[in-house]
Structure formats: C-alpha cells, structure tokens
**Q** 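Below you will find the structure I want to go over with you.
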Amino acid sequence: MKPRILLVEDEQSIARFIDLELQHEGFDVVHHSNGRLGLDSAKTEEFDVILLDVMLPELNGIEVCRRIRSFSNVPILLITARDAVLDRVAGLDAGADDYIIKPFAIEELLARVRAALRRTAIEPKEEKKLIFKEIEIDPVAHVVFVNSQTVELTKTEYDLLAYLVEQKNRVLSRDLILENVWGYLADIETNVVDVYIRHLRSKLPTQTAKYIETVRGVGYVMRE
Ligand code: CA
C-alpha cells in the first residue's frame with residue numbers, strides 16, 4: 001500500500017509542486033488549503049506523515065499540530081519561513097517532529113518524509129527491557145516507567161529517551177542524536193534536539209531528568 005501523506009498548504013503553486021513530487025515518489029497525497037479542513041481530515045483519515053505549513057488560513061499550523069497531537073502520534077513535519085525561529089520552537093513545543101524551512105529543495109523535503117516514514121516503520125531493535133536507574137523502557141509495549149509509574153511520551157520523545165539510555169555514559173553530539181533518532185544529518189541551524197531534550201526533561205520527574213546532562217558545546221549524555 002502506498003504511504004499516505006496529508007499536505008496542508010495554502011500557497012497553491014507550492015502545494016501543487018509538492019503534491020506532484022510526492023506522487024511521483026509513490027505517495028498518496030491528500031491536500032487541503034486551510035488549517036480547519038486539514039485538521040478535519042487528520043481526524044477522520046489515516047495518514048503516515050503530515051506536512052503542515054505554519055501560516056494557514058482559518059487555523060494556523062501550530063494550532064493544527066497541537067490539536068492533532070491530542071489524538072494521534074503521526075509524524076508531523078512543519079513547513080516554516082526562514083526567519084520564523086519562534087514558529088519553529090512553538091511548533092516543536094506543539095508536538096511537531098521536525099520542520100523544514102522555506103524555500104527548500106524538494107530533495108530535502110523528500111528525504112525528511114522518508115526519514116519520518118522509516119522511523120515509524122522501525123520495530124524495536126531489542127526485545128529486552130532497557131533499564132537505567134529508576135527508568136524502565138519496555139520496547140515491546142512501547143512504554144516508559146519511572147519508579148513503576150507510566151510516563152506518557154510521544155514517539156519522538158520515546159525514541160530519544162531510548163537512545164540516550166542505550167548509549168548511557170556516552171557523550172552524544174547533536175548530530176549523532178539527530179542521525180539516530182530522527183534519521184538524517186543535521187542542517188546547521190537545527191535545534192530540534194535541544195527542544196526535544198527540554199520536552200523529555202519536563203515529562204520526567206525532576207530527580208530523573210537530572211540524569212540527562214547537557215555537555216556544553218557538544219551535546220548530551222545520560223549519566224548516573
Ligand atoms: Ca502559508
């Protein structure tokens with residue numbers, strides 16, 4: 001079955017271009033030109049990836065993203081303007097997995113879409129539980145426990161935590177984290193990793209969050 005992509009973009013020329021390219025790559029594309037219709041579509045249909053422009057009529061992309069996150073873990077890629085740094089952070093805070101900056105090369109967009117699909121398709125590498133101090137990760141049930149209490153994480157937060165625990169006591173650069181958790185190499189200005197580390201810390205109990213150390217100028221390490 002072809003992977004299904006929901007594209008929410010109000011600029012018709014861009015939408016048509018992305019639509020054609022995605023179809024050419026073998027995807028099924030459903031396109032909507034405003035946030036409200038995009039959200040309705042996400043509610044009623046199954047998609048493998050959602051491409052969401054930020055500046056949309058009716059309901060902006062960040063709000064659409066936030067609402068989709070209340071019922072779905074589908075990978076969401078935001079499309080933002082080059083100078084809209086605040087949008088990117090707000091978008092990631094709203095639960096987007098990644099963003100792409102306009103204007104973009106279509107190859108880059110396709111690479112991001114494929115990476116998002118790969119991440120969804122990846123089955124747990126290990127069947128056995130990952131344990132670090134009071135953190136317990138069950139890859140089969142895809143559940144995280146801290147002190148035997150369930151912690152609700154999105155797919156990306158879960159993948160990030162599992163990777164940090166797997167690589168415990170090893171200092172991980174942002175590039176390495178990006179490559180292993182998001183599935184592609186960094187472009188220089190990406191701060192996806194930092195935003196997601198912040199999410200993760202905020203969802204863990206304070207004492208547990210302290211194991212995720214920032215290594216200034218390098219990246220992060222999960223350390224006892
Ligand atoms: Ca727009």
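Numbers for residues simply follow the sequence, beginning at 1. Counting starts at 1 for both ligands and their atoms, in listed order.
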**Q** Tell me whether E45 at atom CD has more than 12 heavy atoms from other residues, nucleotides or ligands lying less than 6.0 Å away.
**A**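 Enclosed: over 12 neighbouring heavy atoms sit under 6.0 Å from CD of E45.
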**Q** By side chain to side chain donor-acceptor pair (under 3.5 Å), which residues pair with D10, not counting sequence neighbours?
**A** none
**Q** Do Q167 and Y220 have side-chain N/O donor and acceptor atoms under 3.5 Å apart?
**A** no
**Q** Identify, with sequence neighbours excluded, every residue that meets side chain to side chain donor-acceptor pair (under 3.5 Å) alongside Q149.
**A** none
**Q** L51 and side chain to side chain contact (heavy atoms under 4.5 Å, CB included): which partner among V29, L6, L22?
**A**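 For L51, the side chain to side chain contact (heavy atoms under 4.5 Å, CB included) check succeeds only for L22.
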**Q** Can you list, by chain and residue number, the protein N, O or S atoms under 3.0 Å from the Ca ion (ligand 1)?
**A** D10 OD1, D53 OD2, M55 O
**Q** Not counting sequence neighbours, list each pair that qualifies as a side-chain hydrogen bond (donor to acceptor under 3.5 Å, both in side chains) and has a residue in residues 70-79.
**A**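 side-chain hydrogen bond (donor to acceptor under 3.5 Å, both in side chains) check on residues 70-79 returns no pairs.
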